[in-house]
Amino acid sequence: MTKWVYTFGGGEAEGSAGDRDLLGGKGANLAEMCNLGLPVPPGLTIITEACARYYDDGRVIPDELKAQVKAGIEKMQAITDRIFGDTQHPLLLSVRSGARASMPGMMDTVLNLGLNDHTVQALGHDAGDARFAWDSYRRFIQMYADVVMGLDHEVFEEILEDEKGRLGYENDTEISAVEWQHIISLYKRVIEEELGEAFPQDPEVQLWGAIGAVFASWMNPRAITYRHLHNIPAAWGTAVNVQAMVFGNLGNTSATGVAFTRNPSTGENELYGEFLVNAQGEDVVAGIRTPQNITEAARIASGSDKPSLEKLMPEAFEEFQRICARLEGHYRDMQDLEFTIERGTLWMLQTRSGKRTAKAALRIAVDMAEARTITTDQAVTRIDPASLDQLLHPTIDPRARRDIIGSGLPASPGAATGEIVFTSEEAVLAEKEGRKVILVRVETSPEDIHGMHAAEGILTCRGGMTSHAAVVARGMGIPCVSGAGNLRVDARNELLIAAGMTLKKGDIITIDGSSGQVLKGEIPMLQPELSGDFGKIMAWADASRRMTVRTNAETPADARAARSFGAEGIGLCRTEHMFFEGERINVMREMILAADEAGRRVSLAKLLPMQRSDFAELFSIMHGLPVTIRLLDPPLHEFLPKTDGEIADVSAVLGMNPAELRQRVDALHEFNPMLGHRGCRLAISYPEIAEMQARAIFEAAVEAARETGAPVVPEIMVPLVGLKSELDYVKACIDAVAKEVIGESGIEIEYLVGTMIELPRAALRAHVIAESADFFSFGTNDLTQTTFGISRDDAAQFLNTYIQKGIVEKDPFVSLDFDGVGELIQIAAERGRRTKNGLKLGICGEHGGDPASIRFCEETGLDYVSCSPFRVPIARLAAAQAAINGKG
Ligand code: PEP
Ligand code: MG
């Protein structure tokens, strides 16, 4: 018999924190809190595997599972002294999702389950508060009809608004028990009218409806999107937690809240959270009412005049504070907690490792390592490498003039500038068109996840630090200002209204997610600070790292930025990028269009000093660190004009006849340029180009060595080699030039000649190619393209569909395909080193900056990874984590 259900409550649990895969994060931690003796309402967890079974079995729940849930509820009844469906002392339940990885707000929840026309009376009697009971019942009907029966909650909002209008009320709190009863009868009627079935009165039916809905919500579009964004496999499924209800809406001695054991924005070691008096859990996250601070210190800092929990309910606060310290110590990590206070009694509803900004993650990891709560290696593995991106974002220059038009909460740090848009659809569209936007909403909901991802920043007028917008933006590393109450969104007319000013769609604003300010126009930004906690974590990472980290750079600005981010050399200098600037493009065109070799040599002689000075500058910035320069790679027609207008302009500059130019351009046209006349094939057709580049490299090396005193060992890299004979041919040209320059300068030059491995044939014949190569660098952009036979320039058109339909899990151009491309890399590494022991191996495709791919490079024994400058810190950290995990 499968054990489908694990119970907890009354100071013991069948599961524990280690059962995360089985029970989901929420279930495992509820069990753990019970085991620690903390106050947790009793409940049960249906294991994650049941979710997969549910889909496999055509959405039927097995009898065995039903029987186990029934037994679990009997235990809950014994602990609470209440009975599910009883008309004297009814047990009410919450039904919540809980996957292995936290997916905040993405799946469904049903609260107050078990209420019907009879139990509601008993609840009111029991609580001595009829109004509370009817309010709970209407909340239940609304939630259940929406989540389980699929009736949009807006129909209920309309009824409620109409009734309030009729009664002349402003707030829900003014509605009496009797009035709620009337509203409930209207709710039930609209359900019958809209759905043709009655609201279920049988608690059993309600329970299985809710459990089925939670399973089904695993496959709702927003959960699917969230999983794609966070690489969570669909096969994991969600667990379902069924728990006895406790009520935060039982009058003014009741409350509900969420808290972090440390500040999730800054990482400061201070309890941080929000609560609402006389409310249910969902009210806090939904951002309907603006919540109060938990601690007095936070209340004073925020300037709020609403009392803190510390002042309002000192005993519950003290107990909560004790529990926070206990849980953080137990998990050795910052916790995110949910709690409810029912008539003065504190209940814990959730604990989990808290989501935090990158800045806070660094601070917490450093503080905990320095306090010896965790080791420095653990601190290094605590930081998500991709999240470092947030720290590398610019911030507003403090000297800049700030034209402040509003302010809210500093919900997710960093500054962003963009055009105002009011819908997620517009944000997605703008991103496609390459426009930067700020998504401006009253409040975001999980349906906005696409738009939030597409925007540069998010601004909301309502909601606290734990509102949906704030939590999701922090997770995504997107700047966010939430709850800017002094701004008003008029979505219908597409206006953002501030005091004394109205902005419209398309107007530019800047938001500062670190201060909460909203500013008019574009504001000068500052580059990030890379010392402090960042510096400490990076130093610990570097101490544990085996692979070196280089950068892909060709401009002095990129090379300098990469050095400041800790790059240990250049792994790829794409020389073609150097030919597009200013005057050079015309000299390049002149060379390409020349009638013969003699003509080409004239133009190449003009390009030589330009290349030489480029390389000399790179060598001097890198000050003796290795620099890999790749010979010209793209097809030559990429440098030529295409449209009639461009042809007219270029022919005028070059003094050519436009028709003749058009003819030459057409002659160079290729049907499949990526597989055409490019890479080493160019150097074989036109060796004079490779000779000029080699000469520029060697002369620059001589010059830089003289100037800086740091000897340079240039690494010359030949692209798109498939045959050893290709490499041999190009290497002979390079060697001949080296000889000449050595003769002319009288200086001995040390250099390496290696090849990119970008073609399956090169990987398979690596043992032969290695005879002529000093190093291999895996060009995984092309290697992915040529292994899959998918054009890297056209892939986006159908790869998204592939991902959506589950044909592939991830874009193989972003994260390495371990099974196919990865095997080729392993083969090449092994065969290459079989020929040349210790052959230097690196990677310079986009994957060199992707943490999962970097892990693969560590496991395969590569010597270095090379990535774009802004990803250098990410790669340093990811390489360290890979090495630490490799140690076991
Ligand atoms: C590669 O193919 O992975 C590579 C680094 O070269 P490029 O992207 O310039 O083709
Ligand atoms: Mg390539």
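For the numbers below, each heavy atom of this structure counts, side chains included, while hydrogens, waters and symmetry mates do not. Numbering of ligands and ligand atoms starts at 1, following listing order.
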Look at the N, O or S atoms of Asp782, main chain and side chain alike, and state whether any lies under 2.8 Å from the Mg ion (ligand 2). yes
For Gly779, counting its heavy atoms only, list the atoms of ligand 1 lying under 4.0 Å from any of them. 1 (C), 2 (O), 3 (O)
Say whether Arg560 and Thr555, considering side chains only, have a donor N or O and an acceptor N or O under 3.5 Å apart. no
So the atoms of ligand 1 within less than 4.0 Å of a heavy atom of Cys844 turn out to be 5 (C)
Provide the atom name of the closest N, O or S atom of Glu758 relative to the Mg ion (ligand 2). OE1
Taking only heavy atoms of Arg574, which atoms of ligand 1 are found under 4.0 Å from at least one of them? 4 (C), 5 (C), 6 (O), 7 (P), 8 (O), 9 (O)
Hey, are Thr575 and Gln693 close enough side-chain-wise for a donor-acceptor pair under 3.5 Å? yes
Please determine, by modelled atom types, if Ser868 and Asn552 share a side-chain donor-acceptor pair under 3.5 angstrom. no
Which ligand 1 atoms are under 4.0 Å away from a heavy-atom of Arg792? 2 (O), 7 (P), 8 (O), 10 (O)
Can you tell me how the ring of Phe778 sits relative to the ring of Phe776, calling it parallel under 30°, perpendicular over 60° and tilted otherwise? perpendicular
Nearest to atom 3 (O) of ligand 1 by heavy atom, Asn781, Ile843, Leu783, Ile757: which? Asn781
Given that the side chain starts at C-beta and the backbone is N, CA, C, O, which of these parts of Gln785 lies under 4.0 Å from ligand 1, counting heavy atoms, or is it both or neither? neither
Can you classify the ring geometry of Phe856 versus Phe818 as parallel (below 30°), tilted (30 to 60°) or perpendicular (above 60°)? parallel
Compute whether any side-chain donor of one residue and acceptor of the other, for Thr780 and His847, lie under 3.5 angstrom apart. yes
Return the residue, atom name and 0.1 Å-rounded distance of the protein heavy atom closest to atom 6 (O) of ligand 1. Arg630 NH1, 2.9 Å
What atoms of ligand 1 come closer than 4.0 angstrom to any heavy atom of Leu572? 5 (C)
From the options Glu691, Glu688, Glu590, select the one residue that forms a salt bridge (Lys or Arg N to Asp or Glu O under 4.0 Å) with Arg600. Glu688
Applying a 4.0 Å heavy-atom criterion (strictly less than), which segment of Asp782 is in contact with ligand 1: side chain, backbone, both, or neither? both
Side chain of Ser866, backbone of Cys844: donor and acceptor closer than 3.5 Å? no
Element-labelled atoms of ligand 1 that are located less than 4.0 Å from some non-hydrogen atom of Met756: 4 (C), 5 (C), 6 (O)
